[in-house]
Amino acid sequence: MRRALAGIALAVTSMVALSFLIPLALLVREQARDRVTTAAEQRASALSPVLALTTRRADVQQAVAELGSADQLVVRLPDGGFVGTPHAPRDALDRAVRGRETLAVDTEDGWVYLQPVVLRGDRVAVVEAFVPAADLTRGVAASWGVMALLALGLVGGSVLVADRLGARVVRSSRSLKRASLALGSGDLDVRVEPDGPPELQEAGAAFNTMADRVVDLLAVERELVADLSHRLRTPLTALYLEADRMGATPSARRVTEAAGQLESELDSIIAAARTPLASAHLAGAGAGAAKPCDVAEVVAMRLDFWSVLAAQQGRPYERSLTPRPAPVAFPEDDLAAVVDALIGNVFRHTPEGTAFAVRVERADRHVFLTVDDAGPGVADPEAALTRGVSVGGSTGLGLDIVARAARAADGELTITRAPLGGARVRVSFVLAGAGGAGGR
């Protein structure tokens with residue numbers, strides 16, 4: 001923007017300067033010429049009364065010497081003789097004598113003014129005033145130089161002012177850009193100091209208002225999440241009571257374990273929701289330092305949990321876990337939530353008795369978690385990855401949780417057709433220490 005404003009100022013000021021300088025330069029040259037030619041005409045006119053009184057050579061020479069030099073003031077006497085050195089062309093001189101008319105002639109050497117003087121006896125003398133070519137343009141070059149310097153100063157000053165104005169605008173817009181990027185990256189405390197033109201000041205004030213509003217909305221949202229999570233404790237208590245009525249049976253133990261895990265998750269949600277926004281932002285910024293966990297170990301632990309339900313529903317399943325260490329810089333609880341979301345989708349969206357397979361593979365820089373099933377598959381994988389959109393009547397958040405976890409670990413989530421005939425959901429994670437920014 002600064003360059004554009006400077007270019008516009010340069011172009012406009014240059015055009016304005018040229019529109020004034022060209023006519024002014026011509027006027028200065030004409031004025032310089034008029035000044036010296038008028039002085040020459042006045043000298044010639046001053047010599048006319050002398051010729052009317054006497055045409056003696058000595059008297060005329062004395063008068064010429066008093067009025068000017070013999071090179072610039074010449075008299076052609078009635079007898080054809082000259083006082084001084086003539087510069088006028090012969091035909092112009094003869095024309096002035098015969099026609100008795102005043103002439104001004106430009107020659108190679110300069111400018112010549114011929115003024116005839118009619119004497120007694122119908123005799124004619126001619127006064128010649130000569131101005132050298134150098135005198136016609138004397139001082140013109142200096143005047144043009146001064147005007148050029150003034151024009152350059154005017155153009156340079158306008159460009160400088162435009163650049164300063166542009167710098168102010170650019171500085172304000174860059175400050176607004178940096179603040180917008182910082183707010184987008186999660187810095188909720190960022191604000192701008194309104195500066196620059198009135199429009200940018202209004203934009204800065206609007207940005208500050210928007211940032212304040214975002215903070216308020218997030219605070220309300222976090223409180224709402226905490227309240228909703230807290231309300232889930234009532235049915236959780238009912239589950240505990242129901243497990244107590246069932247006695248010491250395997251089903252009761254599984255219900256108690258599930259309820260305990262759910263209660264732990266609710267406590268975590270409430271604690272996170274009630275955390276101040278600034279602290280939550282700092283905690284999120286330092287999440288990259290999470291303690292690494294082994295993907296194969298977490299998957300094996302969660303498979304043990306789901307295997308009981310799989311046995312009850314008659315679901316055959318296959319597990320294939322890499323024997324090599326597969327650490328990722330990702331919280332264990334979050335990774336467990338990813339595994340639960342993937343396996344839970346199989347149980348929710350496929351009929352009982354549908355087979356599934358879970359594999360963990362390690363590559364040079366990544367760990368791949370793959371869940372296959374023999375169900376109907378996913379008709380529109382792109383829609384399935386859209387937050388809040390469900391392909392099976394659920395909330396549509398399961399795969400979104402997995403996708404966000406994959407992105408946080410510098411990986412990706414893909415949905416394709418599985419060899420079993422249903423859907424294949426594959427998640428990749430960057431190995432801890434492999435140069436990624438996992439666990440953001």
Side-chain angles (χ1 to χ4, degrees), residues 250-251 253-255 257-258 260-262 264-265 291-378 381 384-385 392 394 398-399 401-406 408-409 411-432 434 438-439:
S251 298
R253 286 196 302 271
R254 288 196 297 271
V255 171
E257 291 176 1
Q261 183 181 2
L262 180 58
S264 177
E265 292 292 339
K291 181 180 179 181
C293 64
D294 192 283
V295 177
E297 293 179 358
V298 175
V299 172
M301 178 183 65
R302 299 314 302 162
L303 268 176
D304 292 340
F305 173 82
W306 288 98
S307 62
V308 178
L309 184 58
Q312 290 179 352
Q313 294 185 0
R315 293 179 181 268
Y317 71 93
E318 175 188 351
R319 71 166 70 186
S320 176
L321 308 179
T322 176
R324 301 168 57 191
V328 294
F330 203 70
E332 182 176 341
D333 292 341
D334 293 345
L335 184 56
V338 169
V339 178
D340 288 342
L342 293 178
I343 301 179
N345 277 343
V346 175
F347 281 79
R348 280 190 294 270
H349 302 304
T350 61
E352 293 187 9
T354 302
F356 67 95
V358 180
R359 288 193 301 275
V360 176
E361 304 166 292
R362 170 174 169 167
D364 292 337
R365 296 174 56 86
H366 293 82
V367 179
F368 299 96
L369 169 61
T370 306
V371 178
D372 296 341
D373 66 69
V378 179
L385 294 176
S394 64
L399 287 179
I401 293 174
V402 179
R404 287 188 289 114
E412 61 179 354
L413 168 65
T414 58
I415 301 177
T416 57
R417 176 67 64 176
L420 296 177
R424 162 171 283 186
V425 181
R426 194 178 199 192
V427 188
S428 65
F429 302 95
V430 172
L431 281 170

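Predicted, not measured: the structure shown is a model, and the values here were computed from it.
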To the closest 0.5 Å, what do you measure between [atom1] ([X]) and [atom2] ([Y])?
X: Glu352; Y: Leu309; atom1: CD; atom2: CG; answer: 8.0 Å
X: Leu342; Y: Leu413; atom1: CG; atom2: CG; answer: 7.5 Å
X: Thr354; Y: His349; atom1: OG1; atom2: NE2; answer: 12.5 Å
X: Arg359; Y: Glu318; atom1: CZ; atom2: CD; answer: 6.5 Å

Got [X] and [Y] here, is their nearest side-chain heavy-atom distance under 4.5 Å?
X: Trp306; Y: Phe347; answer: yes
X: Val425; Y: Asn345; answer: no
X: Leu303; Y: Ile343; answer: yes
X: Phe368; Y: Val295; answer: no
X: Val328; Y: Cys293; answer: yes
X: Pro327; Y: Leu431; answer: yes
X: Arg426; Y: Thr416; answer: no
X: Thr322; Y: Glu361; answer: no

Looking at [Y], is its backbone amide N or carbonyl O close enough to the side chain of [X] to form a donor-acceptor pair, meaning the two atoms are under 3.5 Å apart?
X: Asp372; Y: Phe356; value: no
X: Arg315; Y: Pro351; value: yes
X: Arg362; Y: His366; value: no

Checklist line | ring-ring contact (aromatic ring centres under 6.0 Å, His included) involving Phe305 - partner list, sequence neighbours excluded | finding: none
Taking all heavy atoms of [X] and all of [Y], pick out the closest pair and write down the distance.
X: Ala326; Y: Val367; answer: CB-CG2, 3.7 Å
X: Ala329; Y: Ala432; answer: N-CB, 3.8 Å
X: Pro376; Y: Thr350; answer: CD-CG2, 4.2 Å

Item checked: Contacts of type side chain to side chain contact (heavy atoms under 4.5 Å, CB included), residue Pro316, not counting sequence neighbours -> Ala355
Next item on the list: Can you sort out the partners of Arg319 under side-chain hydrogen bond (donor to acceptor under 3.5 Å, both in side chains), two or more places apart, ordered by chain and number?
Entry: Asp304
